[in-house]
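Presented below is the structure to which this report refers.
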Protein chains: 2
Amino acid sequence: MLRVRLKQSLADRGYRLTRQRAAILEVLAGTREHLTAEEVHRRVRFLCPELNLTTVYRNLNLMARQKIIGRVDFGDGRARFEARSDHHHHLFCLGCGRVIEIPACPVSIDEVFVRQHSFRITEHQFEAYGYCADCDRPGSEGAPV
Amino acid sequence: MLRVRLKQSLADRGYRLTRQRAAILEVLAGTREHLTAEEVHRRVRFLCPELNLTTVYRNLNLMARQKIIGRVDFGDGRARFEARSDHHHHLFCLGCGRVIEIPACPVSIDEVFVRQHSFRITEHQFEAYGYCADCDRPGSEGAPV
DNA sequence: ATTTAGATGCAAATGATTTGCATATATACC
DNA sequence: GGTATATATGCAAATCATTTGCATCTAAAT
């Protein structure tokens, strides 16, 4: 089960499985949404009412750094977190914030070019923005990618 | 000439060409670097010593919004600006911050998938991270994209 | 030269995120 | 199970990039 695996990964790396960490993972594992620290905090208060926002930040960072969970940046100034930690990308609706996960990585960089510059790529980030069916109304101009 | 064209675009859109705006464009047009607001401010003080950082922000935002200049986000918590405003992408060196511009857009999203979700993509962002020749020393692990 | 909408400077506010430090508590060990 | 101790947590205060309010200034239209 997802939440068991997530909690196990903490123990595996020598981190304590505290009540607050369990609650945070519980929240993330229980949704497919991509939550900000604030949102995690709000939802976690149900399971663990005294949990401090600072602790939420500290643990989301820890877990993202350990690649136990994933962190995404949709360019709106706050990080979002999700239970998935494998390499993938998203469509982000500028209208409602809805997120659709893209199954395959659509990026293929010209290897010759990269080699010419002797650059070693270790990671990349890609996110696409636009409007989902519900938010797409005439009036918001836009050229497809 | 680049700087003339940039300044003209301000006038074309009904914005005043102030001393400070001219200085900001002068700085951006004079380099291929991708500068933070702070960096622009520091360099602009040569041409226009009383120029306020707030004004730098206001104008960089205005010009980026008007697509007169480009804004890039390398995920380190501060925006960078460049004279180029056309669609392109970068390799960002995590060691020294050096930026290499990628000539062709390496992204091609599965159109069938997007259509299935009735999503209309209006823009996307992509940046690749890694180490340039100068910064690449054994010890920093990394899997190619 | 005059007018005035638009621009600037300064100080103070924001908002997300981080840090310092005293206190609390998982887990290793007996 | 009880105890020790390295780790976590909570709270308040600090950061850092960026934005905003407002009084003053100025580019550019007349």
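Below, chains carry the letters A, B, ... as their sequence lines are ordered, and counting in each starts from 1.
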- Query: For residues 42-56 of chain B, which residues have at least one heavy atom under 4.0 Å from DNA chain D?
  - Reply: B:T54
- Message: So, applying side-chain contact (heavy atoms from CB on, under 4.5 Å) with A:R43, which one of A:L28, A:L35, A:I24 is it?
- Response: A:L35
Please tabulate the protein-to-nucleotide N/O contacts below 3.5 Å involving nucleotides 14-16 of chain C, giving atom names and distances.
residue: C:dA16; atom: O3'; partner: A:G77; partner atom: O; Å: 3.4

- Query: Are B:N61 and D:dT19 close enough that a side-chain N or O sits under 4.0 Å from OP1 or OP2?
  - Reply: yes
- Select base, sugar-phosphate, or nothing to describe what B:R21 touches, counting heavy atoms under 4.0 Å on all strands. sugar-phosphate
- Are A:R71 and A:D73 within salt-bridge range, i.e. N to O under 4.0 Å? no
- Five pairs at each end of the helix from C:dA1-D:dT30 to C:dC30-D:dG1: take the axis at both ends and give me the angle between them to 10°. 40°
- Note on the structure: Residue pairs passing the side chain to side chain donor-acceptor pair (under 3.5 Å) test with at least one member in residues 108-117 of chain A, sequence neighbours excluded, are none
- Message: A side-chain contact here means heavy atoms from C-beta on lying under 4.5 Å apart; do B:R21 and B:R58 qualify?
- Response: no
- Query: What about B:R58: does its side chain form a donor-acceptor pair under 3.5 Å with the base of C:dG6?
  - Reply: no
- Query: Is there a side-chain contact between A:K7 and A:E26, using heavy atoms and a 4.5 Å cut-off?
  - Reply: yes
- Message: Give the residues of residues 64-71 of chain A touching DNA chain C, defined as any heavy atom closer than 4.0 Å, sorted by residue number.
- Response: none
Taking N or O atoms only and anything under 3.5 Å, show me the protein contacts with nucleotides 26-29 of chain D, one pair per line.
residue: D:dT26; atom: O2; partner: B:R16; partner atom: NH1; Å: 3.2
residue: D:dA28; atom: OP1; partner: B:L17; partner atom: N; Å: 2.9

- Message: Could you check whether any side-chain heavy atom of A:R19 comes within less than 4.5 Å of a side-chain heavy atom of A:L47, counting everything from C-beta outward?
- Response: no
- Taking all atoms of both residues into account, what is the closest heavy-atom pair of A:A37 and A:L60, and its distance? CA-CD1, 3.8 Å
- Item | Atom-to-atom span, NE2 of B:H41 to P of D:dC16 - whole angstrom | 17 Å
